[in-house]
Amino acid sequence: MTPERLFTTTIPGLQKRKHGGPPIAMVTAYDAFHGRLLRKSEIDIALVGDSLGMVVQGNASTLSVTVDDILYHTRMVSRGLMGTSLLVSDMPFLSYQPSVETAIREAGRLIKEGGAQAVKLEGGEAFAETIRRLTLSMIPVMGHIGLLPQRVHSMGGYKVQGRDKEAQDRLMNDARSLVQAGIFALVIEGIPWELARRITEEISVPTIGIGAGPHTNGQVLVLHDLLGWSEAETLPRFVRRFGQAEEAALDSLRRFRLEVSGTTYPSLEESYSETEQ
Ligand code: KIV
């Protein structure tokens, strides 16, 4: 068996890739098993996303996720990664919006207690001061603009953003303000690819797109979507299912049930005997 090659993603290393090298691959992870998968497939960044409210907890939105939830999942992912992919944790709804002090305290918990190396938060210029204070407090921040799941109600659903000139100017301005505030990378979600390309060309930090076309400096997907572990009917256009995990899991579970009910599992070879030591 070939020994596993361990790699380490660093923030300076990611930033260099703005100017060359392969685009950045980022995937969500929610437990140690996911962390191991990302480690073994050499994914650059593991994101403990607040999407866990939907894909793990089964809620209709991310809004009910708490810092304790993110902390619990961050610790598990950290054990699976073993210091390889950069570990970024999401700041959930109302963990940073109330005040800068709240943001520093809650982000600090994710770093100190969870083992995250950076945090991500949703929002544009309105959060520039919060991001500036977080980075001054030595907490690396990844920005997130465009379609913001924590704004699902004010957006009227999960809708593509930046369709008209005014919204496009606002998003460009948001991107610039967040870079000035000190973000090391920017997630851009659910916007037309032409706008994502303009933002990517304009700003000095790597952009990581989701539903933002091929011209960003990296891509992020939710693990369950990528593996083919979520309902295909409900997936947005940009999701490519790189696997058929649900079909494979269902097939294994059905075969287990049939073999148990048909008494063909376990065999004697799969059992312990009194005659062996
Ligand atoms: O919560 C999440 O998983 C995210 C990504 C999809 C970017 O924010």
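Remember, it's 1-based here, ligands and their atoms both numbered in the order they're listed. Heavy-atom basis, side chains included; hydrogens, waters and symmetry copies ignored.
In this structure, a donor-acceptor pair under 3.5 Å is absent between the side chains of Gln180 and Ser177. Ser89 and Thr74 share a side-chain donor-acceptor pair at under 3.5 Å.
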Dump the pairs for me: ligand 1 N or O, protein N or O, distance under 3.5 Å, to 0.1 Å.
unit_1: ligand 1; atom_1: 1 (O); unit_2: Asp50; atom_2: N; d: 3.2
unit_1: ligand 1; atom_1: 1 (O); unit_2: Asp50; atom_2: OD1; d: 3.0
unit_1: ligand 1; atom_1: 1 (O); unit_2: Ser51; atom_2: N; d: 3.0
unit_1: ligand 1; atom_1: 1 (O); unit_2: Ser51; atom_2: OG; d: 3.4
unit_1: ligand 1; atom_1: 1 (O); unit_2: Asp90; atom_2: OD2; d: 3.1
unit_1: ligand 1; atom_1: 3 (O); unit_2: Ser51; atom_2: OG; d: 2.5
unit_1: ligand 1; atom_1: 8 (O); unit_2: Lys120; atom_2: NZ; d: 2.8

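Pairs engaging residues 186-203 under the salt bridge (charged side-chain N to carboxylate O under 4.0 Å, His left out) rule: Arg176-Glu202 [sequence neighbours left out].
A donor-acceptor contact shorter than 3.5 Å links the side chain of Gln168 to the backbone of Gly162.
Aromatic ring pairs are classed by plane angle as parallel below 30°, tilted from 30° to 60° and perpendicular above 60°; the pair Phe127 and Tyr96 is perpendicular.
Note that CD1 of Ile145 and CD1 of Ile191 are 6.0 Å apart. Values are rounded to the nearest 0.5 Å.
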